[in-house]
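Order of the sequence lines sets the chain letters (A, B, ...), proteins ahead of strands, with each chain counted from 1.
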Number of protein chains: 2
Amino acid sequence: MTTRTAAQRRAEVRKSCLERVAACPTNRLLDRMGDKWVGIVIKFLGDGPLRYGELRRSIPAASQKMLTETLRRLERDGLVSRTVVPGAPVGVDYALTPLGRTLLPVLAVVTGWAEENIARIEHAQEEYDARPR
Amino acid sequence: MTTRTAAQRRAEVRKSCLERVAACPTNRLLDRMGDKWVGIVIKFLGDGPLRYGELRRSIPAASQKMLTETLRRLERDGLVSRTVVPGAPVGVDYALTPLGRTLLPVLAVVTGWAEENIARIEHAQEEYDARPR
DNA sequence: CGGTATCCCAACCGATACTG
DNA sequence: CAGTATCGGTTGGGATACCG
């Protein structure tokens with residue numbers, strides 16, 4: 001029998017919708033780009049490869065844990081390359097991959113919109129907050 | 001005296017860096033766009049105004065709480081308008097504002113990149129995960 | 001130098017129940 | 001119909017300490 005309660009059917013619909021959302025390339029990209037330190041890391045690497053330590057000093061607000069995790073995720077996605085530079089002491093170079101570099105124009109579009117419209121957003125927020133409750 | 005310990009100086013640097021990151025328009029936009037339900041809500045509203053109930057049925061995976069919170073944040077940012085439609089029972093129309101509509105081309109660029117490159121990302125992830133640990 | 005490992009708090013988010 | 005309120009589990013992310 002395919003008899004199901006209304007609650008069961010709703011749960012199934014919810015689940016399949018959630019799966020589609022999770023699988024959607026746009027949502028996956030927005031999710032990644034929305035990670036707290038991803039935008040700024042890509043921005044810095046856009047200017048050229050950097051050592052791990054240089055990245056740390058460039059983004060002192062990011063904890064070591066978060067910086068490393070961010071870089072690992074980007075590496076796993078094929079957007080960033082990680083290269084160990086032999087020597088004493090050893091160094092590690094991070095750089096955008098060719099794929100990662102194709103993201104720069106996208107980020108530029110986002111930055112362009114943001115800088116052009118941030119004042120409008122702030123104005124809207126002030127109006128909203130000042131609104132009679 | 002301006003004497004400070006090294007730890008104090010590092011803490012100050014971290015704090016000012018954090019403030020700059022939080023104030024950066026690009027980061028603020030990425031943060032908003034990265035919210036779990038923002039992309040999909042904007043996508044649906046891009047096709048025209050929708051009643052609250054229509055949005056709920058369009059995105060059954062989002063809980064009522066999250067859908068409402070998402071819409072409130074977008075309304076506060078001036079990206080979405082909320083219009084109560086009198087009647088019995090009352091209805092509420094949600095729509096992109098003119099400002100919100102200017103975000104659609106940006107979202108289209110993101111979607112374009114994502115759909116064009118999602119296969120490369122998935123391939124990179126498989127390679128990374130299959131890599132000798 | 002470039003990381004891991006661990007702990008812990010805060011924010012996020014869903015489920016459920018209730019309301020004008 | 002379109003919410004609000006509350007609770008509780010899960011995740012994100014920082015601090016600290018330690019390691020090759």
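- Across the protein-nucleic acid pair, A/R10 atom CZ and C/dG14 atom C1' stand 15 Å apart, rounded to whole Å.
- Using a 4.0 Å cut-off, some side-chain N or O of A/R82 falls inside it from OP1 or OP2 of C/dG3.
- For A/R28 and A/D31, the salt-bridge test fails: no basic side-chain N is under 4.0 Å from an acidic carboxylate O.
- Heavy-atom nearest nucleotides on DNA chain C were determined for A/R14 and for A/K65, and the one closer to the 5' end corresponds to A/K65.
- Protein atom CG of B/L18 is 11 Å distant from nucleotide atom C1' of D/dG14, rounded to whole Å.
- To the nearest angstrom, P of C/dC13 lies 14 Å from CD1 of B/I59.
- As rounded to whole Å, 16 Å separates atom P of D/dA5 from atom CE of B/M66.
- Using a 4.0 Å heavy-atom cutoff across all strands shown, A/E69 reaches no nucleic acid atom at all.
- Scanning both residues, B/Y94 and B/V80, for their nearest heavy atoms gives CD2-CG1, 3.8 Å.
- The two atoms that bring A/L107 and A/K43 nearest to each other are CD2-N, 4.4 Å, heavy atoms only.
- Regarding contacts with the backbone of C/dC12, every side-chain N or O of B/W37 stays at 4.0 angstrom or more from both OP1 and OP2.
- Summarising the geometry, the separation between CG on B/L55 and C1' on D/dG3 is reported as 14 Å, rounded to the nearest angstrom.
- Applying the 3.5 Å distance criterion, the base of D/dG13 shares no donor-acceptor pair with the side chain of A/K36.
- OP1 or OP2 of C/dG3 has at least one side-chain nitrogen or oxygen of A/R72 nearer than 4.0 Å.
- Residues B/D35 and A/G53 each lie close to DNA chain C; by heavy-atom proximity, the contact nearer the 5' end of the strand is made by A/G53.
- Of the residues listed (B/D35, B/L50, B/L79, B/L67), the one engaging B/V41 in a side chain to side chain contact (heavy atoms under 4.5 Å, CB included) is B/L67, and it is the only one.
- Put simply, NZ on A/K15 is 18 Å from C1' on C/dA15, counting in whole angstrom units.
- Between A/R76 and B/E126 there is no salt bridge, since none of the side-chain N atoms of the basic residue sits less than 4.0 Å from a carboxylate O of the acidic one.
- The nearest whole Å value for the distance from the CD atom in B/Q64 to the P atom in D/dT6 is 16 Å.
- Mapping A/S63 and B/R51 onto DNA chain D by nearest heavy atom places B/R51 at the nucleotide closer to the 5' end.
- Protein atom CZ of A/R56 is 13 Å distant from nucleotide atom P of C/dT4, rounded to whole Å.
- In terms of phosphate contacts, B/Y94 brings a side-chain nitrogen or oxygen within less than 4.0 Å of OP1 or OP2 of D/dG3.
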